[in-house]
Amino acid sequence: RNGVLATPRRVVGAVEERYRGHGECPAEALDRQFSETGKYDDFVLVKDITFNSACEHHMMPFTGKAHVAYMPIDKVVGLSKLARLVDVYARRLQTQEHMNAQVATAIDEILKPRGVAVMIEAEHTCMSLRGVEKPGALTVTTQFRGAFRDYPNEQLRFISMVRGSQR
């Protein structure tokens with residue numbers, strides 16, 4: 001049929017787009033930093049970064065939101081770069097736990113901040129559409145590095161800001 005003649009080409013394009021993160025470098029997502037901080041000494045939080053990923057076990061989608069914070073030293077990164085970093089890792093065959101650790105590690109190693117906090121909340125279709133079939137169940141993972149790990153009150157502030165005023 002006419003409607004399916006280009007389907008193989010479209011499927012190849014969709015797969016390339018879906019998993020493009022395998023060919024992307026996380027360091028490039030964070031490569032531009034700014035020193036105009038005005039002596040800012042608290043953490044920067046970008047919350048509700050939506051993402052789409054795919055489970056490496058079933059190749060089924062999982063979607064959700066990432067919340068990313070870091071405590072800069074002398075330099076900050078463009079806010080969109082944090083969202084870009086989440087996408088680099090989300091666009092790979094992945095587990096949520098590994099994605100969470102990868103985002104935290106990249107920020108820690110590239111920006112070298114005083115601390116990093118990452119929380120990811122996602123619904124996994126391998127659990128909502130098959131298997132136990134529990135739609136709406138969210139998986140929450142966290143990673144805390146540096147000052148966020150050393151000072152539990154910073155973890156609480158991070159979680160409070162993430163959970164606080166929802167739009």
Side-chain angles (χ1 to χ4, degrees), residues 20-21 24-57 60-128 132 134-167:
R20 71 177 181 257
E24 295 178 332
C25 175
E28 290 176 10
L30 299 175
D31 66 352
R32 185 151 185 220
Q33 298 171 34
F34 305 94
S35 58
E36 301 85 18
T37 62
K39 300 189 190 275
Y40 184 79
D41 67 351
D42 205 347
F43 66 79
V44 176
L45 167 65
V46 179
K47 66 181 198 172
D48 297 336
I49 302 168
T50 59
F51 70 88
N52 298 290
S53 193
C55 166
E56 67 184 31
H57 302 126
M60 292 192 71
F62 66 95
T63 61
K65 293 180 180 179
H67 315 287
V68 179
Y70 73 104
M71 296 176 174
I73 300 175
D74 298 326
K75 292 183 178 180
V76 293
V77 69
L79 300 176
S80 67
K81 303 301 185 181
L82 297 174
R84 180 75 185 105
L85 180 67
V86 169
D87 279 345
V88 166
Y89 287 115
R91 295 298 184 164
R92 298 177 178 189
L93 285 172
Q94 193 64 276
T95 66
Q96 180 174 329
E97 298 87 346
H98 194 210
M99 179 179 155
N100 198 310
Q102 288 173 317
V103 170
T105 298
I107 293 169
D108 201 28
E109 290 178 355
I110 297 164
L111 300 182
K112 300 184 184 345
R114 288 183 293 128
V116 178
V118 179
M119 176 189 288
I120 296 178
E121 305 173 281
E123 181 173 352
H124 294 251
T125 59
C126 58
M127 189 171 130
S128 63
V132 295
K134 299 298 179 202
L138 290 179
T139 299
V140 180
T141 55
T142 58
Q143 280 282 298
F144 298 105
R145 307 279 173 87
F148 283 103
R149 178 173 287 232
D150 298 340
Y151 302 103
N153 61 322
E154 293 298 343
Q155 291 178 25
L156 292 174
R157 244 178 18 110
F158 168 77
I159 292 168
S160 174
M161 289 176 74
V162 167
R163 295 284 187 234
S165 60
Q166 297 293 323
R167 283 181 254 167

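Residue Gln143 comes nearest to Arg145 through the heavy atom pair OE1-NH2, 2.9 Å, listed as atom of the first residue, atom of the second, then distance. Closest approach of Phe51 to Asp87, counting heavy atoms only: CB-OD1, 4.4 Å. Nearest approach of Ser53 to Gln94, heavy atoms of both residues: OG-CB, 3.6 Å. Nearest approach of Met60 to Cys126, heavy atoms of both residues: SD-CA, 3.9 Å. Heavy-atom minimum distance, Lys65 versus Asp48: CD-OD1, 3.6 Å. Annotation for Tyr89 and Ala106: closest pair OH-CB, 3.8 Å, computed over non-hydrogen atoms.
Distance alone, capped at 3.5 Å, places no donor-acceptor pair between the Thr125 side chain and the Ser128 backbone. Distance alone, capped at 3.5 Å, places no donor-acceptor pair between the Lys47 side chain and the Ala66 backbone. Between the side chain of Gln155 and the main chain of Phe148, a donor-acceptor pair closer than 3.5 Å is present. A donor-acceptor pair under 3.5 Å is absent between the side-chain atoms of Arg91 and the main chain of Arg20, judged by distance alone.
When side chains are defined from C-beta on, Thr142 does not count as touching Phe158, because their heavy atoms never get closer than 4.5 Å. Inter-residue side-chain proximity for Met119 and Val68 is flagged as unmet; no heavy-atom pair is nearer than 4.5 Å. Within the 4.5 Å cutoff, the side chain of Asp74 has no heavy atoms near those of the Ser35 side chain. Between Asn52 and Pro61, the closest side-chain pair of non-hydrogen atoms is not below 4.5 Å. You'll find the side chain of Gln33 stays beyond 4.5 Å of the side chain of Lys81, heavy atoms only. Proximity of Leu30 to Leu85: side-chain heavy atoms (C-beta onward) are separated by under 4.5 Å at one or more points. Using a 4.5 Å heavy-atom cutoff, the side chains of Tyr70 and Asp108 are not in contact. The shortest distance between side-chain heavy atoms of Phe34 and Val77 does not fall below 4.5 Å.
Between Arg157 and Asp42 there is a salt bridge, since a side-chain N of the basic residue sits under 4.0 Å from a carboxylate O of the acidic one. Under the 4.0 Å criterion applied to side-chain N and carboxylate O atoms, Glu24 and Arg84 are assigned as salt-bridge partners.
Arg114 contributes atom CZ, which lies 10.5 Å from atom CZ of Phe43 (distance to the nearest 0.5 angstrom). Put simply, NZ on Lys112 and NZ on Lys75 are 11.5 Å apart, with the number rounded to the nearest 0.5 Å. In this structure, Glu123 CD and Thr139 OG1 are separated by 9.0 Å, a value rounded to the nearest 0.5 Å. Note: Glu28 CD to Asp31 CG = 7.0 Å, rounded to the nearest 0.5 Å. Atom CD1 in Ile159 sits 11.5 Å away from atom CD in Glu154 (nearest 0.5 Å). Within the model, atoms NE2 of His124 and CZ of Phe62 stand 5.0 Å from one another, a figure rounded to the nearest 0.5 Å.
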Next item on the list: Apply the test side chain to side chain contact (heavy atoms under 4.5 Å, CB included) to residues Leu82 and Ile107: give CA-CA distance (whole Å), side-chain angles for both, the deciding distance (0.1 Å), then the verdict.
Entry: CA-CA 9 Å; Leu82 297 174; Ile107 293 169; 4.0 Å; yes
> Given the rule in the side chain to side chain contact (heavy atoms under 4.5 Å, CB included) test, do Asn100 and Glu97 qualify, once you have shown the distances and angles that lead to the verdict?
Replying inline: CA-CA 5 Å; Asn100 198 310; Glu97 298 87 346; 5.8 Å; no
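Of the N and O atoms on the side chains of Thr141 and Gln96, at least one donor lies less than 3.5 Å from an acceptor on the other residue. Side-chain polar atoms of His67 and Glu121 form a donor-acceptor pair below 3.5 angstrom.
Around OH of Tyr151, the count of heavy atoms belonging to other residues, nucleotides or ligands within 6.0 Å does not exceed 12.
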